[in-house]
Amino acid sequence: MTKKAALSASDVHLFYGQKEALKGITLDCYENEITALIGPSGCGKSTFLRTLNRMNDLIPGVTITGNVKVNEQNIYAPNTDTVELRKKVGMVFQQPNPFPFSIYENVVFGLRLAGIKDRAVLDQAVEKSLKAAAVWDDVKDKLNESALALSGGQQQRVCIARVLAVKPDIILMDEPTSALDPVSSAKIENMMMELKQDYTIVTVTHNMQQASRISDRTAFFLNGELIEVDKTKNIFLDPKNQQTEDYISGKFG
Ligand SMILES: Nc1ncnc2c1ncn2[C@@H]1O[C@H](COP(=O)(O)OP(=O)(O)OP(=O)(O)O)[C@@H](O)[C@H]1O
Ligand SMILES: [Mg+2]
């Protein structure tokens, strides 16, 4: 069976001013898989992740060449609606970033922006998204309380629910568990494995155990280059490249 690439980056170069942070990245991420991006600090993982929903557009002085296709459409085409794109390709950050509103209003934020007012529609989206983000039981009795009053792990899951509520196809996660305790991290890992049944996930992690536990495919970045990408099992048990082997065995990084 040939899998379908939900996301396809080809020859992506990115410069911050004169500095080339991505040196020609070609990578496919497949539907219903978790792709993990690994590599030492500063190798370009977050930069690459941001090219997948044009978040780098917001940074002054950035030049990008190459292309990224989402569901066969080049997202760098001039007529791309980046607001729509970022609904299709949602993003979760390292630090939970709930808005200073109620849990309910956090989850419906994108729906309200889209002009949806029907209370029943909003209520249903809240329940469904919080359930999918595995935080419904924690918060169902306090939906009108501030999201800021939740624990970090709960906040992160509410932020994930906020992304899910706008029905993305692809979810980008930049070290989503690195600010969390092991129990909260495990909940998010389990949730990610559930979510991949319905979504395509691309995640950055410094945690090798996490990459090997949850990802289907692992991509190793070094100095702005993609050194090796393969099924996760192959990367961890039988890497083809010496630098990959040195990194995963902890010789550097
Ligand atoms: N806004 C920016 N302006 C200028 N240079 C940047 C910017 N963001 C990142 N860089 C540089 O681009 C390179 C890649 O950074 P990036 O944040 O993508 O690395 P990373 O692999 O995510 O690292 P980490 O594991 O520490 O998060 C680094 O050299 C970094 O200093
Ligand atoms: Mg980063």
Side-chain angles (χ1 to χ4, degrees), residues 3 5-31 33-77 80 82 85-86 88-95 163 168-178 192 196 199-208 210-212 214-232 235 239 241 243-244 247-248 252-253:
K3 286 214 170 201
L7 237 171
S8 192
S10 41
D11 198 27
V12 174
H13 292 256
L14 182 144
F15 293 82
Y16 292 112
Q18 300 294 312
K19 186 193 149 64
E20 189 172 20
L22 297 176
K23 302 172 181 167
I25 306 297
T26 296
L27 176 66
D28 284 345
C29 300
Y30 296 95
E31 257 177 14
E33 283 197 358
I34 299 177
T35 302
L37 312 181
I38 63 168
S41 185
C43 69
K45 303 178 297 295
S46 297
T47 299
F48 178 68
L49 200 69
R50 289 194 300 265
T51 64
L52 304 178
N53 71 349
R54 293 189 50 175
M55 290 289 272
N56 291 307
D57 289 22
L58 309 171
I59 302 172
V62 166
T63 317
I64 302 167
T65 64
N67 77 61
V68 175
K69 285 187 183 163
V70 170
N71 300 328
E72 305 294 319
Q73 303 260 11
N74 178 11
I75 66 169
Y76 285 95
T80 302
T82 52
L85 170 67
R86 292 180 196 131
K88 285 277 154 237
V89 187
M91 191 152 193
V92 176
F93 300 87
Q94 181 171 12
Q95 289 295 334
V163 169
D169 294 330
I170 298 166
I171 307 171
L172 311 177
M173 299 184 160
D174 197 349
E175 303 190 48
T177 65
S178 66
M192 288 167 75
K196 79 170 186 180
Y199 302 90
T200 302
I201 298 178
V202 187
T203 186
V204 172
T205 181
H206 277 280
N207 180 329
M208 297 299 122
Q210 179 173 80
S212 62
I214 69 172
S215 73
D216 299 282
R217 229 167 266 268
T218 296
F220 171 58
F221 282 68
L222 187 62
N223 291 327
E225 291 180 64
L226 174 58
I227 302 295
E228 184 169 353
V229 57
D230 203 341
K231 289 196 171 132
T232 294
I235 291 286
N241 184 286
Q243 289 169 307
T244 313
Y247 181 72
I248 58 162
F252 70 95

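Reckoned from all heavy atoms, side chains included, excluding hydrogens, waters and symmetry mates.
For the 3.5 Å distance criterion, the side chains of Asp28 and Ser8 qualify, holding a donor opposite an acceptor.
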Exercise for review: Please report the C-alpha distance between Leu172 and Val89 in whole Å, then the side-chain angles of each, then the deciding distance to 0.1 Å, and finally whether the side-chain contact (heavy atoms from CB on, under 4.5 Å) criterion is met.
Suggested key: CA-CA 7 Å; Leu172 311 177; Val89 187; 3.6 Å; yes
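Checked by atom type and distance alone, the side chain of Arg86 pairs as donor or acceptor with a backbone atom of Arg54 at under 3.5 Å.
When each of Gln210, Lys45, Glu175 is paired with Thr205, the side-chain hydrogen bond (donor to acceptor under 3.5 Å, both in side chains) condition holds for Gln210 and for no other.
Between Leu52 and Val68 the shortest side-chain heavy-atom distance falls below 4.5 Å. Leu27 has its side chain within reach of Val229: a pair of non-hydrogen atoms, C-beta onward, lies under 4.5 Å apart.
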Which side-chain N or O atoms in residues 33-42 pair as donor and acceptor under 3.5 Å with protein atoms at least two apart or in another chain?
residue	atom	partner	partner atom	Å
Glu33	OE1	Arg217	NE	3.0
Glu33	OE2	Lys3	NZ	3.2
Glu33	OE2	Arg217	NH2	3.4

Donor-acceptor pairs under 3.5 Å, side chain of residues 14-21 to any protein atom, not counting sequence neighbours: which ones?
residue	atom	partner	partner atom	Å
Tyr16	OH	Thr47	OG1	2.7
Tyr16	OH	Arg50	NH2	2.8
Glu20	OE2	His13	ND1	2.7

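Residues passing the side-chain hydrogen bond (donor to acceptor under 3.5 Å, both in side chains) test with Lys196, sequence neighbours excluded: Asp216. Evaluation of the ring-ring contact (aromatic ring centres under 6.0 Å, His included) rule for Phe220 yields Tyr247 as partners, not counting sequence neighbours. The side-chain hydrogen bond (donor to acceptor under 3.5 Å, both in side chains) test applied to Asn74 returns no partner, not counting sequence neighbours.
Each ring-ring contact (aromatic ring centres under 6.0 Å, His included) pair with one or both residues in residues 47-74, not counting sequence neighbours, appears once here: Phe48-Phe221.
Heavy atoms from other residues, nucleotides or ligands lying under 6.0 Å from NZ of Lys23 number more than 12.
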